[in-house]
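Given the structure is predicted, the values throughout are model-derived calculations rather than measurements.
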Amino acid sequence: MKVTVRFLLWLKEKSGTNELTLEIKDGATIADVFEEIKRRINGLSKYLDNAFTNNSSISVIVNGQSVNNGSYVLKDGDVIELAPLVSGG
């Protein structure tokens, strides 16, 4: 099955692309996709490894809905957006 990963804001610069289409196995999870991204793109490990911790600097969105754990099972055609968390005052 195929999923699309979109890198938003400064993650575009870190990844060197704004979008990546991945062929993954049926039943794959967000964690599986993160491992594939880390194999393909250097420099994202520290962000992906912390994505579901209190130290996260990114938000994971699948088909417009926030996802809060790596065990989320993906479906063919899903769109995963990785966006930096925004803070300010």
Roughly how far, to the nearest 0.5 Å, is the [atom2] atom of [Y] from the [atom1] atom of [X]?
{"X": "E81", "Y": "T4", "atom1": "CD", "atom2": "OG1", "value": "10.0 Å"}
{"X": "I80", "Y": "F34", "atom1": "CD1", "atom2": "CZ", "value": "7.5 Å"}
{"X": "S15", "Y": "Y47", "atom1": "OG", "atom2": "OH", "value": "11.0 Å"}

Which atom of A51 lies closest to which atom of V60, heavy atoms considered: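 In this case the closest contact between A51 and V60 is CB-CG2, 4.2 Å.
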Please report the closest heavy-atom contact between P84 and W10, naming both atoms and the distance.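 Closest approach of P84 to W10: CB-NE1, 3.0 Å.
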Tell me whether [X] shares a hydrophobic cluster with [Y], the cluster being built from Ile, Leu, Val, Met, Phe, Trp, Tyr side chains joined at under 4.5 Å.
{"X": "L8", "Y": "V33", "value": "no"}
{"X": "L82", "Y": "I41", "value": "yes"}
{"X": "Y72", "Y": "I37", "value": "yes"}
{"X": "L11", "Y": "L9", "value": "no"}

Applying side chain to side chain contact (heavy atoms under 4.5 Å, CB included) between I58 and each of L44, L48, L85, report the one that passes.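 Single pass found, and it is L48.
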CA sep, side-chain torsions, deciding dist, call: K38, D49, salt bridge (Lys or Arg N to Asp or Glu O under 4.0 Å): CA-CA 9 Å; K38 290 189 296 187; D49 289 345; 2.5 Å; yes
Apply salt bridge (charged side-chain N to carboxylate O under 4.0 Å, His left out) to [X] and list each qualifying residue two or more places apart in sequence or on a separate chain.
{"X": "K46", "value": "none"}
{"X": "K75", "value": "none"}
{"X": "E36", "value": "R39, R40"}

Consider only side-chain N and O atoms of S71 and N69, and report whether a donor and an acceptor are under 3.5 Å apart.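 Indeed, the side chains of S71 and N69 share at least one donor-acceptor pair under 3.5 Å.
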Pairing residues for T29 by the side-chain hydrogen bond (donor to acceptor under 3.5 Å, both in side chains) criterion, not counting sequence neighbours: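 side-chain hydrogen bond (donor to acceptor under 3.5 Å, both in side chains) check on T29 returns D32.
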All side-chain hydrogen bond (donor to acceptor under 3.5 Å, both in side chains) counterparts of N50, not counting sequence neighbours: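 With sequence neighbours excluded, N50 shows a side-chain hydrogen bond (donor to acceptor under 3.5 Å, both in side chains) to no residue whatsoever.
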Does V79 reach the side chain of V62, with side-chain heavy atoms less than 4.5 Å apart?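 Heavy-atom side-chain distance check fails, nothing below 4.5 Å.
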Backbone N/O of F52 and side chain of S56: donor-acceptor pair under 3.5 Å: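 Judged by distance alone, no pair lies under 3.5 Å.
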Hey, can you pull the donor-acceptor pairs under 3.5 Å for the side chains in residues 18-27, sequence neighbours left out?
{"residue": "E19", "atom": "OE1", "partner": "R6", "partner atom": "NE", "Å": "3.1"}
{"residue": "E23", "atom": "OE2", "partner": "M1", "partner atom": "N", "Å": "3.1"}

